[in-house]
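For reference, the structure is listed below as structure tokens.
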Amino acid sequence: MPSWLPCRRSSTRESSMRYTRLLLQTVKEDPSDAEVVSHRLMLRAGLIRQVARGIYDILPLGLRTVRKIEAIVREELDAAGCQEVSLPLLSPAELWRESGRWDAYGPELLRLVDRSGREFCVGPTHEEVMTDLVRGNVRSYRELPLNLYQVDTKFRDEIRPRFGLMRGREFLMKDGYSFHVDEEDCRREYQLMYDTYARIFTRCGLDFRAVEADTGAIGGSGSHEFQVLAESGEDLILGCDHCDYAANVEKAELAVGEPGLFESSEPSEVSTPGAGSIEDVSAMLSEPAGRFVKTLLFVADDRGVAALVRGDDQLSEAKLKRALGATELRMAEADEVKKMSGAPQGFAGPVGLEIELVVDLRLRGATGMISGANRADLHLSGIDQQRDFPVAEFHDLREAAAGDPCPRCNGGSYQAFRGIEVGQVFYLGSKYSEAMGATYLDTDGNECVMEMGTYGIGITRTMAAAIEQNHDDDGIIWPPAIAPVQVLLLPVKWKDDDTRAASEKLYEQLLAAGVEVILDDRDERAGVKFNDADLLGIPWRVTIGPRGVKQGTVELRERRSGESSDLALDSAAQHIVAAVSEALAR
RNA sequence: CGGGGUGUGGCGCAGCCUGGUAGCGCACCUGCUUUGGGAGCAGGGGGUCGGAGGUUCAAAUCCUCUCACCCCGACCA
């Protein structure tokens, strides 16, 4: 180092982990607009700060956790043979037009125009850009398979961001894409990624479950979500209490179930003035809800369709969308209902309806049913499915619920869980490679379309999920593997010379041993420090006070269990190093 | 996009109805006393009251417009 360089600090590394040098401000009061635990605690512990709706600064301690999660993700992916790249923040509209998603994606895609009028979007995901990269670089089957990933900031202009980092507009995501010569190899990779994801979330110390999932807007034909189990989760998961089957409610299959078999007769009109809901009609006619045919009108990609389920069943829009192969699906507006059925809302029925009918499995062969008559204030009773509204195909359209029998095994039934989706793996097939011409030459020199898979992990959401699952009334309880640091040194009385000297020495020893440690060198009262320590959730706290130092001891306390033990001052560092490395090795 | 709500110092809020010198708690700075689970006293710094326009002798307060943020709904990897 040139001698003219001023050097006030002996070591930057050392001083940055002194509390008084950290950009860290804890807050006693609850932020008024934080609804969920993770959001509240992240704000209170000074990990994040909101800049705009759904957009956050991540502060030093928060970023350390983010980096920990990233490191685990990178290690496991690299070990699985993936390669990291970095794709641009902006993607040109042409690529998205090639795949058809420029129009399909909707307002969630943030679009912008550069000074010369060219259109771009801020990448919400990178299938197009990655496929473009690979088609430009890969010619031969010899160069496949390929699994490329990046860890980058994504932007999705969410309709309603909420819950802090759980559902932000800007978020850090690891997104990976794999390219293969055939489906078999792609399925193999899918399984490899599935296993890799399970290892990643296990290493992060999370209680999660991999569940079958709907493929949504990305498309493709097979998918699992990795769900961190937590009360505040936005997703509803159904899992069999008997076998391994578990799925997102959007996907959860149902056993066929009994149709409604009531006494058959000729259809006849029944006057039902003003009774437009199943509940009302059922009460008015004193008939069970299960005897009705619920007729729901939708607009699917600009055509009208009627979805039919039994009156006591709940329609799953996700299942309907899949059954129709529609990219867009919405309930019909009042005027559209009138146009399709000829009646006001609540009086539609399958008999005589001239739009496409999509019928739930449970209505196959149903007899003696009641439905709307497609005229105001009128219902039709005595309807037989086969006779009165025959259809060629039936679909699983019901939304599953806790207690429904498991479709995969005998005797099991669904239990409901709440989950936070932190990762998802997709088998994509050739949707993008075909649209964008990602091809290779096989051994015979034939041009073939690549098979693709796509795999995502929400890094910042994983951090939030970890807090949802690991906290108590006093604050965060970080799993050691993703804690900002492992150890917090807490000198009870900083002004006391012996205490300070013992703390400084321990600090040096731990740093030298490679342990991540914060030294709370604030001249604060013990209570303040203890409370902040609990709030920050550092796995181990070492309390150093005049009393103990006089006896030659310090106290080591584990945040999660609250168990503490006295350590001899001169061997304390060794014990702490041992405890930390043992926990991290687990 | 529809419905509801809130903008006053870094954070949490009062003041607004009934216009008249901008307040409280936390945090921050100084000093003294305290000190093993969110101390006490004294002193201090910091706010064009989200923004623009209007009414008025006078606007945080009344009126109009606008922006931001939050909640509920539709939507969603």
Which whole number of Å gives the distance between the P atom of B:rU66 and that of B:rG2?
13 Å

Heavy atoms under 4.0 Å, any strand shown: does A:F171 hit a base, just sugar-phosphate, or nothing?
base

Checking contacts here: which listed nucleotide (B:rU35, B:rC1, B:rC71) is nearest the side-chain heavy atoms of A:R525?
B:rU35

Report the nucleotide, chosen from B:rC70, B:rU35, B:rG38, that has the shortest atom-to-atom distance to any side-chain atom of A:K493.
B:rU35

If pairing means Watson-Crick or G-U wobble with both distances under 3.5 Å, then the partner of B:rC41 is B:rG31

Roughly how far apart, to the nearest Å, are B:rC32 and B:rC13 at atom C1'?
31 Å

If I take atom CG in residue A:L536 and atom P in nucleotide B:rG37, what distance separates them, rounded to the nearest angstrom?
18 Å

Answer yes or no: is there an ion pair linking A:D157 with A:R169, defined by an N-O contact shorter than 4.0 Å?
yes

Whole angstroms only, please: what is the CZ-P distance between A:F530 and B:rU35?
15 Å

Atom C1', compared across B:rC28 and B:rG10: separation rounded to whole Å:
9 Å

C1' atoms of B:rG25 and B:rG9, separation to the nearest Å:
13 Å

Considering only heavy side-chain atoms of A:R162, the closest of B:rA27, B:rC75, B:rG37 is B:rC75

If I take atom CZ in residue A:R330 and atom C1' in nucleotide B:rA74, what distance separates them, rounded to the nearest angstrom?
12 Å

Find the distance A:Y19:OH to B:rG38:C1' and express it as a whole number of Å.
12 Å

Side-chain donor-acceptor distances from residues 538-553 of chain A under 3.5 Å, at least two apart:
{"unit_1": "A:R541", "atom_1": "NE", "unit_2": "A:T543", "atom_2": "OG1", "d": "3.3"}
{"unit_1": "A:T543", "atom_1": "OG1", "unit_2": "A:E555", "atom_2": "OE1", "d": "3.2"}

Classify A:E35 by what it touches in the nucleic acid, base, sugar-phosphate, or nothing, heavy-atom distance under 4.0 Å.
sugar-phosphate

Within this structure, what is the CG-to-P distance between A:L43 and B:rC69, rounded to whole angstrom?
15 Å

For the base of B:rG36, is there a side-chain donor-acceptor partner from A:R557 under 3.5 Å away?
no

Can we say A:E128 and A:R101 salt-bridge, meaning some charged N sits less than 4.0 Å from an Asp/Glu carboxylate O?
yes

Gap between atoms CZ and P, on A:R44 and B:rC26 respectively (whole Å):
16 Å

B:rC62 versus B:rG47 - spacing of their C1' atoms, nearest Å:
23 Å

Going by purine N1 to pyrimidine N3 plus the second Watson-Crick contact, or the G-U wobble pair, all under 3.5 Å, which nucleotide sits opposite B:rU56?
none

Touch check for A:G456, heavy atoms < 4.0 angstrom, all strands: base, sugar-phosphate only, or nothing?
nothing

So, do A:Y190 and A:Y427 have ring centers that fall under 6.0 Å from each other?
no

Along RNA chain B (nearest heavy atom to each residue), the more 5'-positioned of A:I159 and A:E234:
A:I159

Figure out the CZ/C1' separation between A:R160 and B:rG4, and round it to whole Å.
12 Å

The Watson-Crick or G-U wobble partner of B:rC17, with both key distances under 3.5 Å, is none

G-U wobble or Watson-Crick pairing nucleotide for B:rC75 (cut-off 3.5 Å, both distances):
none

Salt bridge flag under 4.0 Å for residues A:E212 and A:K251
no

Heavy-atom check, side chain of A:V151 versus side chain of A:L172, under 4.5 Å:
yes

Write down the partner of B:rU6 under the Watson-Crick or G-U wobble criteria, each distance required to be under 3.5 Å.
B:rA68

Does a side-chain N or O from A:R53 land closer than 4.0 Å to OP1 or OP2 of B:rA68, or not?
no

B:rG12 and B:rC70, which share atom name P, separated by this distance in whole Å:
12 Å

Touch check for A:D532, heavy atoms < 4.0 angstrom, all strands: base, sugar-phosphate only, or nothing?
base

Any salt bridge linking A:R522 with A:D532? Criterion: basic side-chain nitrogen under 4.0 Å from a carboxylate oxygen.
yes

Between the side chains of A:R162 and A:E35, is the shortest nitrogen-to-carboxylate-oxygen separation below 4.0 Å, so that they form an ion pair?
no

Can you tell me the base-pairing partner of B:rC11? Count Watson-Crick or G-U wobble geometry only, both distances below 3.5 Å, and say none if there is no partner.
B:rG25

Base, sugar-phosphate, or nothing for A:Q50, non-hydrogen atoms under 4.0 angstrom?
sugar-phosphate

If you look at every strand shown and take non-hydrogen atoms under 4.0 Å, does A:E317 touch a base, only sugar-phosphate, or nothing?
sugar-phosphate

Does a side-chain N-to-carboxylate-O contact under 4.0 Å join A:E29 and A:R40?
no

Would you mind reading off the distance between A:D157 atom CG and B:rC1 atom P, rounded to a whole angstrom?
11 Å

Base, sugar-phosphate, or nothing: which does A:R541 touch, judged by heavy atoms less than 4.0 Å apart?
base

Please list, for nucleotides 11-14 of chain B, all pairs of protein and nucleotide N/O atoms separated by less than 3.5 Å.
{"unit_1": "B:rC13", "atom_1": "OP2", "unit_2": "A:S32", "atom_2": "OG", "d": "3.4"}

A:R547 side chain: which of B:rG36, B:rA74, B:rG38 is closest?
B:rG36

Given B:rA27, is OP1 or OP2 found less than 4.0 Å from the side-chain N or O atoms of A:K28?
yes

Begin with the C-alpha distance, continue with both residues' side-chain angles, and end with the deciding distance and a verdict on salt bridge (Lys or Arg N to Asp or Glu O under 4.0 Å) for A:R97 and A:E119.
CA-CA 11 Å; A:R97 291 209 167 95; A:E119 293 175 289; 2.7 Å; yes

Do any N or O atoms of the protein come closer than 3.5 Å to N or O atoms of nucleotides 28-32 of chain B, and which pairs are they?
none

Please work out if A:G458 contacts a base, only the sugar-phosphate, or nothing of the nucleic acid, heavy-atom cut-off 4.0 Å.
nothing

RNA chain B nearest-nucleotide lookup for A:G168 and A:P161: closer to the 5′ end is A:P161

Nearest-Å distance once atom C1' is located in both B:rG50 and B:rG7:
6 Å

Does a salt bridge link A:E504 with A:R500, judged by any charged N lying under 4.0 Å from a carboxylate O?
no

Geometric cation-pi criterion A:R111 and A:W102, 6.0 Å radius, 45° cone:
yes

Using atom C1' of each nucleotide, how far apart are B:rG23 and B:rA39 to the nearest Å?
25 Å

Any chance the rings of A:H126 and A:Y177 have centres within less than 6.0 Å?
no

